[in-house]
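Data first, discussion second: the structure below is written as structure tokens.
Below, chain A is the first sequence line, B the second, and so on; all start at residue 1.
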Amino acid sequence: MLDIKFIRENPELVRQGIKNKNETDKLDDLLKLDEQRRELILKTDELKHKRNQVSSQIPQMKKAGQDVSSVLAEMKSVSDQISDLDSQLREIEQKLENILMFIPNMPHKSVPVGKNSGDNTVVREWLPEGFSFPKETSNEKTLDHIELGKKLKILDFERGAKISGSGFPLYTGKGATLERALINFMLDFHLKNHGYSEVFPPFLVNSDSMRGTGQLPKMAEDMYYIEKDELYPIPTAEVPITNIYRNEIINENELPIKHVGYSACFRREAGSYGKESKGFLRVHQFNKVEMVKLVKPENSYDELEKLVKDAEDILQALKIPYRILLLCTGDLSFAAAKCYDIETWSPAENRWLESSSCSNFENFQARRANIRFKNGLTKKPEFVHTLNGSGLATSRLMVSLLEMYQTPEGKVIVPEVLQNYTNFNVID
RNA sequence: GGAGAGAUGCUAGAGUGGUUGAAUAGGCUGGUCUCGAAAACCAGUGUGGCACUAGUUGUCACCGAGGGUUCGAAUCCCUCUCUCUCCGCCA
């Protein structure tokens, strides 16, 4: 959420930001409501002041034996006016918030303006030693992850669909072990090498949490929802982990807070069918290790760079080719100010797959979730900056991993760093 | 799921209709004392909105959340949430 004061003082800046993010502009309505709101507050505060003053005099008047009935009658009408104005105010504030909650975060000035994913820029690329992209003329048979999964009996998409529906993958045998190994490896790696502290969050959250990180109200259609208990299965561990600190004031010396946690992630992916949705490429449930940071505002962009590197380290340890993309304004998500995507290479698809997304939300989420720290200098509470990044999502990563590590015979070698976790070195 | 108890500031804990933003104690910060420290003593110690003459300013709101009664609510009423205890059930 943006600060209404900031919008009031910089309407044209905000208008441009909304436009660059391809969002709808309702600023005029918003500013009009803001003005109405302030007028009403002025009126009610004045009346309340009067009421407070007179009310405090009534006991003394009574004690002095004065007749207070006319004063009471007058105050009754003042109170009626107040409650009338208050209900008008409530209505306006509701409308105002409804618009405010749909205004996206402003892109950072270092984010290139662009229409869509075509305008994203490649920041860097990393290839393991000895790796080269296949030639167009190559007729070497590269199995894709679905074929490998079937052949090696490690992935069963059909029976996953039988159990739950399409998009709910079933891992079997060494596939299940490999998935678990990957999760444990990534968690341990971040804990040992990157100074995160571990959390294991709830997978169902309430609507306040969803609003806090910005999934609600805008993305309601993308969420699962359990009506009976008014709970949402999380689309990412970002939601519960960031909301750990909702409505709290953190001690300055506790910052930066860096958490890493595993969760299953649930996404409805409404309206996405076809080629993109085969196998692991788009699923309703997947596993992800998520990194979340709460930092002081002045550090947040340094912390974003470090966050990306933390995710990269995993891919380098796994020796999987990847590249880093800086998203343009048009591809930036609603709540993000700046975002890098990490894409891993899929030899069978012959293209890059998005495996991680690392974002700085500045104080957009912190304002919604009311997460603050006490500034030691000013002694005043200030909103923290929040960041998060996948480190990483296993589904897309598993595609790259299986395909990259396959042998000409169609076996899969287990990456060296995972062998201690799997206790086998090859899947055949 | 059933029965009961509770929710007040950083913490503990008073307060059941009228200067109560809130007693008291602890904590924390600053000061006095001291070679230094402890003890003791003194002082300070919330958040948010709105306005303007922009201040050591005025004002409003906030005692789990949201409504209501009243001239006036931390205090009375209703709804919800959470916590605790006992019973039942269960991994």
Counting the atoms with a prime plus P, OP1 and OP2 as sugar-phosphate, which does A/I41 contact under 4.0 Å by heavy atoms, base, sugar-phosphate, or nothing?
sugar-phosphate
Carboxylate-amine/guanidinium contact A/K50 A/E74, below 4.0 Å:
yes
Spacing of A/K48 atom NZ relative to B/A73 atom P, expressed in whole Å:
11 Å
Is A/K338 close enough and on-axis enough to A/Y301, meaning under 6.0 Å and within 45°, for cation-pi?
no
Using atom CD of A/E97 as one end and atom P of B/G48 as the other, report the distance to the nearest whole Å.
17 Å
Between B/U47 atom C1' and A/I371 atom CD1, what is the distance in whole Å?
17 Å
B/U47 OP1/OP2 closer than 4.0 Å to side-chain N/O of A/R372:
no
So which one's nearest nucleotide on RNA chain B is more toward 5', A/I58 or A/R8?
A/R8
Please say whether the positively charged group of A/K218, taken as NZ for Lys or CZ for Arg, lies over the ring of A/F102, i.e. under 6.0 angstrom from the six-membered ring centre and within 45 degrees of the axis.
no
What about A/D45: does its side chain form a donor-acceptor pair under 3.5 Å with the base of B/G49?
yes
On RNA chain B, more 5' by nearest nucleotide between A/K76 and A/K380 is A/K380
Roughly how many Å is it from CZ in A/R37 to C1' in B/A51, rounded to a whole number?
13 Å
Nearest-Å distance once atom P is located in both B/G58 and B/G4:
50 Å
Looking at A/D80 and A/K76, is any side-chain nitrogen of the basic one under 4.0 Å from a carboxylate oxygen of the acidic one?
yes
Identified pairing partner of B/A40, criterion: Watson-Crick or G-U wobble below 3.5 Å:
B/U32
Pick the P atom in B/U69 and in B/G13, then give their distance to the nearest Å.
34 Å
B/G1 pairs with, by Watson-Crick or G-U criteria that keep both distances under 3.5 Å:
B/C87
Are A/H49 and B/C60 close enough that a side-chain N or O sits under 4.0 Å from OP1 or OP2?
yes
